[in-house]
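Everything on this sheet refers to the single structure shown next.
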Amino acid sequence: MDIANSIALVTGANGGLGQYYVDALRSQGAAKIYAGARNPKALEALVADHPDIVIPIPLDITDEHSVNQAAAQCPDVTLLINNAGVGFNQGLIAAPNLSQARMEIDVNYFGTLMMCRAFAPVLKHNGGGAIVNMVSMVARVNLPFNGSYSASKAATLSLTQGVRAELAAQGTLVIAVLPATIDIGMGKSYPDPKVSPEEVVSDALKAVIDSAEEVYPGEQAKQMAAQLLSDPKALEKAVATMLPSSTQ
Ligand SMILES: NC(=O)c1ccc[n+]([C@@H]2O[C@H](COP(=O)([O-])OP(=O)(O)OC[C@H]3O[C@@H](n4cnc5c(N)ncnc54)[C@H](OP(=O)(O)O)[C@@H]3O)[C@@H](O)[C@H]2O)c1
């Protein structure tokens, strides 16, 4: 589908990558962009930059009432970008308790799932459209210093495949975006190399245009995806030794 004239909704639009999605959608000709944030006040600068087409909406993707309200308030959406996510840089064993692992599952898995369920009928009504889910390369190989986040993104990847299968009949394209480290937001404390946020959103929106179901933005993610095909055990062992840059 085309980005030009699409009507998009971006979750976590106030965050690092979310703002890049809004900018890229606007520059590629989206007709309207609903910018979701838990605190819409955090969107004031973004709305001021694009007052003609950016509409702020309050949206907590873990709150069913908030998600259903968003679906009712945005009945013309053709492109849903599930960008919101959390990661706490916790090990599976090293974490003091499971509270942050539960939060990662709650936002990254249940929140994304709740958005897909609420907007599936909206997209159907508007001709099929597309869903873009921000997954991560760590969905495919666990990064132990962020082990519970990796597990939550593996769940997000699986839900992306399942939603794709269920929505195929209504013509909804469902895309998984799997970058390695992005030079923004939660990627700041990760080791180099990093892909630029501009490249991530550009590749994700190109996938919408080209109907590509999986996209690996950046050289590191592409190399890791290739290694998963040729020698997945070697990749698992290499990633197991990675440390956050703050401890390097
Ligand atoms: N940065 C990376 O290296 C990297 C790599 C691969 C994938 N990703 C994925 O890319 C996406 C964006 O990452 P980022 O680096 O831009 O993260 P970020 O700067 O931490 O931004 C995350 C955004 O998600 C929002 N959010 C968190 N919980 C939410 C909830 N319950 N409801 C609605 N919004 C919520 C945050 O809003 P608040 O301001 O209210 O907290 C914020 O706007 C995430 O899904 C992340 O997992 C990031």
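We're numbering straight along the sequence, starting at 1. As the structure lists them, so they are numbered: ligands from 1, and atoms in each ligand from 1.
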Legend entry - First-shell residues of ligand 1 [heavy atom, distance under 4.0 Å]: Gly12, Asn14, Gly15, Gly16, Leu17, Arg38, Leu59, Asp60, Ile61, Thr62, Asn83, Ala84, Gly85, Val86, Val107, Met134, Val135, Ser136, Tyr149, Lys153, Pro179, Ala180, Thr181, Ile182, Ile184, Gly185, Met186, Gly187
Legend entry - Within residues 96-148 or reaching into it, pairs that qualify as ring pair (Phe, Tyr, Trp, His ring centres under 6.0 Å) - sequence neighbours excluded: Phe145-Tyr190
Inset, instruction - Examine the side chains of Asn83 and Tyr20 and answer whether a donor and an acceptor come within less than 3.5 Å of each other. - result: no
Legend entry - Which atom of Leu123 lies closest to which atom of Val77, heavy atoms considered: CD2-O, 3.6 Å
Inset, instruction - Flag the pair Asp183 and Lys188 as a salt bridge only when some basic side-chain nitrogen lies within less than 4.0 angstrom of an acidic carboxylate oxygen. - result: yes
Inset, instruction - Can you sort out the partners of Ala154 under side chain to side chain contact (heavy atoms under 4.5 Å, CB included), two or more places apart, ordered by chain and number? - result: none
Legend entry - Asp60: side chain to side chain contact (heavy atoms under 4.5 Å, CB included) partners, not counting sequence neighbours: Arg38, Thr62, Asp63, Ser66
